[in-house]
Amino acid sequence: MRLAGPEAMAAFGERMAQALRPGDAIALFGDLGAGKTTLVRGMLYGLGWDGDVASPTFPIMLGYEAPDVRIPVWHVDLYRIEEPGELEELGLDELRQDAVMLVEWPERMGDWLWPDCLRLVIEPDGPDARLLTATCPPAWEGRWPTI
């Protein structure tokens, strides 16, 4: 799918929010500046968040909870993770049970990346446009690409 710019990326994220369920995990692959946080921002706005959305590069994880959002969300940025073993300390499996897990830089998870995770790859397609490619697990059948 081609998204014409940051506004289109955020709008797509807002539409995606309607399909999100507790326990969902979305892995966002893409280089620096690809639009991963912009897509997350759209999803959070679609879930009811009305504040700023920062990239959690330094804190690694930022949580958003009801009543500010319809479903609890963990926004995770693994850019600074050097070894997959460091992930155990974060407790992502437990946090994901009742929330949506949005993971930037999921390649840092290696074999820890959940098999039921929706995988989105964001690549440049001109100065502002992006190509978004999805790999959908069975848990997303019927929800994608109807968004």
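In what follows, every heavy atom counts, from backbone to side chain, and hydrogens, waters and symmetry copies are set aside. Note that the numbering runs from 1 along the sequence shown for the chain. In this text the structure is predicted, and so the values were computed from the model without any measurement.
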In the structure I gave you, are the side-chain heavy atoms of [X] and [Y] within less than 4.5 Å of one another anywhere?
| X | Y | result |
| --- | --- | --- |
| Met16 | Leu118 | yes |
| Leu90 | Leu78 | yes |
| Arg143 | Asp24 | yes |

- Rounded to the nearest 0.5 Å, how far apart are CG of Leu102 and CG of Asp77? 11.5 Å

- Query: Can you tell me how far CG of Asp125 sits from CE of Met1, rounded to the nearest 0.5 angstrom?
  - Reply: 13.5 Å

When the side chains of residues 31-38 are checked against the rest of the protein, which donor-acceptor pairs come out under 3.5 Å, sequence neighbours left out?
unit_1, atom_1, unit_2, atom_2, d
Lys36, NZ, Gly30, O, 2.8
Lys36, NZ, Asp31, O, 2.9
Thr37, OG1, Glu104, OE1, 3.2
Thr37, OG1, Glu104, OE2, 2.8

So, does [X] use its side chain to make a donor-acceptor pair with the main chain of [Y] at under 3.5 Å?
| X | Y | result |
| --- | --- | --- |
| Gln18 | Gly46 | yes |
| Arg119 | Thr135 | no |
| Arg130 | Ala8 | no |

At their closest point, which heavy atom of [X] faces which heavy atom of [Y], and how far apart are they?
| X | Y | answer |
| --- | --- | --- |
| Arg2 | Ala129 | NH2-CB, 3.2 Å |
| Phe29 | Glu107 | CD2-OE1, 3.2 Å |
| Ile122 | Met9 | CG2-CE, 3.7 Å |
| Pro22 | Ile71 | CG-CG2, 4.0 Å |
| Ile26 | Met43 | CD1-SD, 4.0 Å |
| Tyr64 | Asp52 | OH-O, 4.5 Å |

Hphob cluster co-occupancy, [X] + [Y], side-chain heavy atoms under 4.5 angstrom:
| X | Y | answer |
| --- | --- | --- |
| Ile60 | Leu113 | yes |
| Leu39 | Met101 | no |
| Leu92 | Leu28 | no |

- Task: Could you tell me whether the side chains of Trp114 and Asp93 share a donor-acceptor contact shorter than 3.5 Å?
- Result: yes

- So Arg80 and Phe58, side chain to side chain contact (heavy atoms under 4.5 Å, CB included) or not? Walk me through it. CA-CA 8 Å; Arg80 297 183 327 127; Phe58 292 102; 4.1 Å; yes

